[in-house]
Amino acid sequence: MHYDFKKVEEKWQKHWQKTHAFRAQADPKRKKYYLLEMFPYPSGKIHMGHVRNYTIGDVASRFKTLEGYNVMHPMGFDAFGQPAENAAIKNKTKPGDWTRKCIKEMETELKKMGFSYDWEREVSTCQSDYYQWNQWIFLKMLERGLAYRKASQVNWCPSCATTLANEEVIEGGCWRCHTKVEQKDLEQWYLKITEYKERLLEDLSQLKDWPPRVLAMQNNWIGKSSGVDIYFRLENSDKLISVFTTRVDTIFGATYIVLAPEHPLVLDLIKGTRQEKEALEFIKKVASESKIVRAASDVKKEGVFTGSFAINPVNNEKVPVWIADYVLMEYGTGAIMAVPTHDGRDFLFAKEHKLPMRIVISPKDGSLKSAEELTQAYEGNGVQINSGEFNGLDNREAKTKIAQWMEARGIGKIQTHWRLRDWLISRQRYWGTPIPVIYCPACGIVPVPCQDLPIELPADAPFTGEGGSPLGKVKKFVEVKCPKCKANARRETDTMATFFDSSWYFLRFCSPKFKAGPFDVNEAKYWMTVDQYIGGIEHAILHLLYSRFFTKFFQDLKMVDFSEPFDKLLTQGMVLKDGEVMSKSRGNIVDPDSMIKNYGADALRLFILFAAPPETELEWEERGLEGAYKFLNRVWRIQENLKDDADPQVLKALHRTIKKVGADFSEFKFNTAIASLMELTNVIYQSGADKQVFSALIIMLSPIVPHFAEELWQILGHKESIFKTGWPKYDPQLLIEEKVELVIQVNGKLRSKIEVPCGISEDKLKELVFKDEKLAPWLEGKTPKKFILVPQKLVNIVI
RNA sequence: GGGCGGAUGGCGAAAUUGGCAGACGCGAUAGCCUUAGGAGCUAUUGGGGCAACCCUUGGAGGUUCAAAUCCUCUUCCGCCCACCA
């Protein structure tokens, strides 16, 4: 006899929808719980990664509901982006139509999984009632100088025909299509995220419930690095070259300096020198190379001498000035002092070009004899040598002393450099939020007045796939009057990067229909912050950093009174098949929909939670899914054989399980919670159970297998949804054991076990232990040296 | 090169945070039931040994009465960042 999962699941999905079972309403009298999973891009089909992410969230959400919280659990769609445009070109549809169709399909699939979303709060970022607030936020940022336009070298994906943010360049390729990224000079819109760098870094310490891994990645990305800017004066000139170093302790070993090929001084330096031609050729060559090729670490370090010299300010030594490809203009000052003896890159370069070296840090063991014998740079710590008045100091101590000494003499400045760059947000694409700006020949860049929002995306743009953004070809979109002087003007045709859309959607969910602003401040006050956020590790840098940035911006606008949006973060592991990530290109996709058809959504949910802890990778195993299905049938059969009473052993087991499962659920340890529930089921299967024990079992199962639990709950005679009952309470009295089994070790090895009353005194226990026959052969003729007792657990006799 | 994680049976994994290693499940083996089994039930299942026992958490040391867990060294794997000065 099998339970009819198809009928049961459909029945309860309809019931939940009809009764608005998951509608969330702010209620100041109740404690809220905001549970959020990262909303998906609507590709049309859900994949196992979605199933896993959203199942974890759903169990947490339903568990919190059972615990009595006022839970908000919303869902929406991150609906702008390139795939819609590609589909439009390919299938001769409109991106909007394609996206809306995909959203419909995806909603259906999510509903089939039985997720407890408040669908009345659904948002789609491609709808103007959402994206007009992107425009509003942009204008606020523009007003505060946080959005600006700048011409610079940008990452350009030739395949997508658009610019990319640094964060969107993965291993030198476009994050979407993996095409090799090129460099291009363009005028683009940026957000000044660097204005928030200190806060973004400092506030990481508030995030105690984030995975350390994510914190480390964010920390790395912001990349604060402290050191000293040192001023080298050019020989026969007043011009200064500023170099940045984190190893000022090695300054006396600086035997040459190196400029990035793009450094503004370079052209002056080489002008009229013998090396001019060679240098110009080199600069040209580097410029044509992408950053990516340049960054490949095994590439030989190339460079040319400028013909000029500079003066090392600490010892007035004359050092040659070089240009090399391994120095980057974007970082620090675009110039370095080279210390070949104590920096690996400088070492390689110096060897290649036969440049001088001098050891200035001597390791404690004195193993460094002479620079000539070095086969690699020594980057460790040691004692200062050849360093003037600093000789003999530990280099770490010298670092501070030299820095202060240089500052005092005006030859250097203690300085901090950051890795974080401003965020390039404009895209030469159609399917995104139009940037609300107008270019007027007379007034220049004119922001669209707030009352003119939204700037709607025209639905009838021509999709040919050629010649850049189709927006530029829509006359009635482009040709506008200047809001200031009413002259003929041109509308911005770039759209926003989609990461803009997702940087504040968690706030919109608090009041998704709000018309007077991006969100209702009062609703946000009640619901925010997000108590638990769940999503993939792939968003550890981009999305999470941007969301943190936006939140701080809203804090500055006094629209929220907190600085971090997400209290707890859980990054779920990937779903693998045969040890590899499931992907279309590998052809190893398992379609959730067919699994639902064969085993039901409940079995799928159960399996995916049981197979591994949420954070780790999960190996897909259809046999395991079958096992989950068998387990549900086993529980179903118990219901057909309920007794009038349960014996004390079963009751004890039940209360132990209630305690364990409650604790496990709170910590997202679903795999062990399920193991405990299976153990309890085994006990019940052996000894039988009454209605009460069985009820408790299915309440505990309900967050995991909600349809199954609702159905059994109804069969037991209840009229209300199982989620209206509370989480069962355990009776501490029942957890107290009278007797306990003690492990007896001799010299740390297990030799016997005895059962003793719980409150037994140590003397009594000793007596019992030494009477134990099993121990006799081990203790014979030996005198116990020590008797170690771990109460309720074990005894270890040392002989 | 830097950072962060990992490594436990044939497989996915547990281990109250230093106290019985392998819970729970998958798979396997044997038996029962069945017209049948991709159903159900019972038993066994880390390795060696007839047994008493011995061995076993990637490897080598160490601390401890006691180590999967702590320390040192080492090998391999994964992820992130990366000519970042």
Side-chain angles (χ1 to χ4, degrees), chain A residues 1-2 170-171 211-221 223-225 227-228 243-248 250 257-258 260 291 294-299 301 324-328 330-339 343-346 348-349 379 417-419 537-538 540-541 573-574 579 606-607 610-613 615-628 630-631 633-634 637 660 663 669 671-679 681-682 685 741-753 777 784-799:
Chain A
M1 172 66 195
H2 297 184
I170 313 288
E171 282 171 13
R213 195 151 74 106
V214 175
L215 294 175
M217 282 160 79
Q218 293 243 332
N219 191 54
N220 239 321
W221 191 261
K224 182 178 184 175
S225 141
V228 180
V243 305
F244 175 65
T245 182
T246 54
R247 289 293 307 271
V248 72
T250 63
I257 65 177
V258 190
K291 266 183 217 159
R294 238 174 112 179
S297 49
D298 48 349
V299 162
K301 299 183 180 353
D325 57 359
Y326 76 98
V327 175
L328 306 176
E330 307 84 64
Y331 187 76
T333 59
I336 63 158
M337 65 175 200
V339 186
D343 180 284
R345 292 154 303 176
D346 296 344
L348 289 177
F349 190 80
E379 296 181 338
H417 286 277
W418 302 74
R419 222 184 70 98
I537 188 78
E538 66 273 20
I541 299 175
M574 286 187 286
L606 178 62
F607 163 70
F610 181 53
E615 303 85 355
T616 62
E617 289 174 341
L618 182 147
E619 176 67 31
W620 178 260
E621 178 71 71
E622 192 159 333
R623 301 263 202 174
L625 177 54
E626 246 173 73
K630 282 184 198 173
F631 170 74
N633 276 305
R634 202 171 148 88
R637 280 196 303 274
K660 167 85 172 140
K669 290 177 173 176
N671 55 332
T672 51
I674 292 167
S676 305
L677 288 166
M678 285 173 166
E679 276 179 84
T681 305
N682 290 342
Y685 217 78
E741 194 185 52
L742 275 189
V743 169
I744 318 285
Q745 296 179 334
V746 177
N747 279 353
K749 298 226 173 207
L750 174 69
R751 294 305 178 196
S752 179
K753 291 178 185 183
K785 265 194 259 172
K786 240 178 175 179
F787 186 89
I788 293 152
L789 170 67
V790 182
Q792 316 286 319
K793 268 186 192 141
L794 101 178
V795 165
N796 190 10
I797 304 166
V798 188
I799 52 170

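Note on naming: letters A, B, ... go to the chains in the order of the sequence lines (proteins, then strands), and numbering restarts at 1 for each one. All values below come from the heavy atoms of this structure, side chains included, with hydrogens, waters and symmetry mates left out.
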Q: Provide the Watson-Crick or G-U wobble partner of B:A13, both distances under 3.5 Å; none if there is no partner.
A: none
Q) Looking at side-chain heavy atoms only, is the closest gap between A:Asn747 and A:Val798 below 4.5 Å? A) yes
Q. A:Lys630 near the nucleic acid: base, sugar-phosphate alone, or nothing, with a heavy-atom cut-off under 4.0 Å?
A. sugar-phosphate
Q. Within the structure, does a side-chain N or O atom of A:Arg623 lie under 4.0 Å from either OP1 or OP2 of B:G38?
A. no
Q: Provide the distance between the two C1' atoms, one in B:C11 and one in B:G46, to the nearest whole Å.
A: 13 Å
Q.
Could you report the tightest heavy-atom contact between A:Met217 and A:Ala540, atom names first, then the distance?
A. CE-CB, 3.5 Å
(Q) Looking at every heavy atom in both A:Arg637 and A:Tyr685, which two are closest together, and how far apart are they? (A) NE-OH, 3.1 Å
**Q.** Interatomic distance, A:Met678 CE vs B:C26 P [rounded to whole Å]
**A.** 7 Å
Q | Assigned partner base of B:C41, Watson-Crick or wobble definition, under 3.5 Å | A | B:G31
Q) Expressed in angstrom and rounded to an integer, what is the separation of A:Leu794 atom CG from B:C20 atom C1'? A) 8 Å
Q: Please report the shortest heavy-atom distance between A:Gly334 and A:Val327, naming the atom on each side.
A: O-CG1, 3.6 Å
Q) Of all heavy-atom pairs between A:Met337 and A:Asp346, which one has the smallest distance, and what is that distance? A) O-OD2, 3.9 Å
(Q) Side chain of A:Glu626 only, heavy atoms from C-beta on: which candidate in B:G38, B:A82, B:C20 is closest? (A) B:G38
Q: Have a look at A:Val798 and say if it touches a base, only the backbone sugar-phosphate, or nothing, with a 4.0 Å heavy-atom cut-off.
A: sugar-phosphate
Q | Between C1' of B:G2 and CG of A:Asp343, the distance in whole Å | A | 13 Å
Under-3.5 Å N/O pairs linking protein and nucleotides 10-18 of chain B:
from: B:G12; atom 1: O2'; to: A:Ala611; atom 2: O; distance (Å): 2.4
from: B:A14; atom 1: OP1; to: A:Asn671; atom 2: ND2; distance (Å): 2.9

Q: Would you mind classifying the nucleic acid contact of A:Phe607 as base, sugar-phosphate or nothing, using non-hydrogen atoms under 4.0 angstrom?
A: nothing
Q.
Suppose you measure atom P in B:G27 against the same atom in B:A36; what distance do you get, rounded to whole Å?
A. 22 Å
Q.
Please pick, from B:C24, B:C41, B:A85, the nucleotide with the shortest atom-to-atom distance to any side-chain atom of A:Ala675.
A. B:C24
Q) For B:C79, which nucleotide in any strand shown is its Watson-Crick or wobble partner with both distances under 3.5 Å? A) B:G3
Q. What's the OH-C1' distance between A:Tyr331 and B:C84, to the nearest Å?
A. 4 Å
Q: Please determine if a side-chain N or O atom of A:Arg637 lies less than 4.0 Å away from the OP1 or OP2 oxygen of B:A39.
A: no
**Q.** From B:G3, B:A66, B:C83, nucleotide with atom closest to A:Arg345 side chain
**A.** B:C83
Q.
Once hydrogens and angles are ignored, does a donor-acceptor distance under 3.5 Å link the base of B:C20 to the side chain of A:Lys753?
A. yes
Q) Say you pick atom C1' in B:A68 and the same atom in B:U29; how far apart are they, in whole Å? A) 29 Å
Q) Taking syn as any angle within 90 degrees of 0 and anti as the rest, which one fits B:U42? A) anti
Q: Report the nucleotide, chosen from B:A85, B:C79, B:C24, that has the shortest atom-to-atom distance to any side-chain atom of A:Arg213.
A: B:C79
Q: Could you classify B:G49 for me, syn or anti, using a glycosidic angle within 90° of 0 as syn?
A: anti
Q) Could you give the CD-to-P distance, from A:Gln745 to B:A66, as a whole number of Å? A) 10 Å
Q) Looking at CG of A:Leu677 and CZ of A:Phe631, how far apart are the two atoms once the value is rounded to the nearest 0.5 Å? A) 6.5 Å
Q | Polar contact flag, side-chain donor to acceptor under 3.5 angstrom, A:Arg634-A:Asn682 | A | yes
**Q.** Heavy-atom side-chain proximity of A:Glu621 to A:Phe607 below 4.5 angstrom
**A.** yes
**Q.** P-based separation of B:C70 from B:C77 [nearest Å]
**A.** 23 Å
Q) Is the shortest heavy-atom distance from the side chain of A:His417 to the side chain of A:Thr246 under 4.5 Å? A) no
Q. Mind checking the P distance from B:G10 to B:G49? Whole angstroms is fine.
A. 15 Å
**Q.** Which nucleotide in B:G25, B:C65, B:C84 has an atom nearest any side-chain atom of A:Asn682
**A.** B:G25
**Q.** Presence of A:Asn219 side-chain N/O under 4.0 Å of B:C81 phosphate oxygens OP1/OP2
**A.** no
Q: Could you state the atom-to-atom distance from CZ of A:Phe349 to P of B:A85 in whole Å?
A: 18 Å
Q. For the pair made of CD in A:Glu538 and P in B:C81, what is the distance, rounded to whole Å?
A. 12 Å
Q) Expressed in angstrom and rounded to an integer, what is the separation of A:Ile674 atom CD1 from B:A23 atom C1'? A) 14 Å
Q: Assign each of A:Gly627 and A:Lys749 to its nearest nucleotide of RNA chain B by heavy atoms, then name whichever residue's nucleotide is nearer the 5' end.
A: A:Gly627
Q | Whole-angstrom distance between B:G37 and B:A52, as gauged at atom P | A | 38 Å
Q: Determine the Euclidean distance between corresponding P atoms of B:U44 and B:G61; express it in Å to zero decimal places.
A: 37 Å
Q | Heavy-atom pair of closest approach, residues A:Ala324 and A:Phe349 | A | CB-CE1, 3.6 Å
Q. With respect to the side chain of A:Asn220, which nucleotide from B:G2, B:A66, B:C24 is positioned closest?
A. B:G2
Q. What does B:U72 pair with, Watson-Crick or G-U, if both distances are under 3.5 Å?
A. B:A60
Q) Start at the 5' end of RNA chain B and walk down; is the nucleotide closest to A:Met217 or to A:Leu750 reached first? A) A:Leu750
Q: For B:G2 and B:C20, measure between their C1' atoms and round to the nearest Å.
A: 42 Å
**Q.** Below 4.0 Å: OP1/OP2 of B:C84 and any side-chain N or O of A:Arg419
**A.** no
Q.
How close do A:Leu789 and A:Val795 get, counting heavy atoms only, and between which atoms?
A. CD1-CG2, 3.7 Å
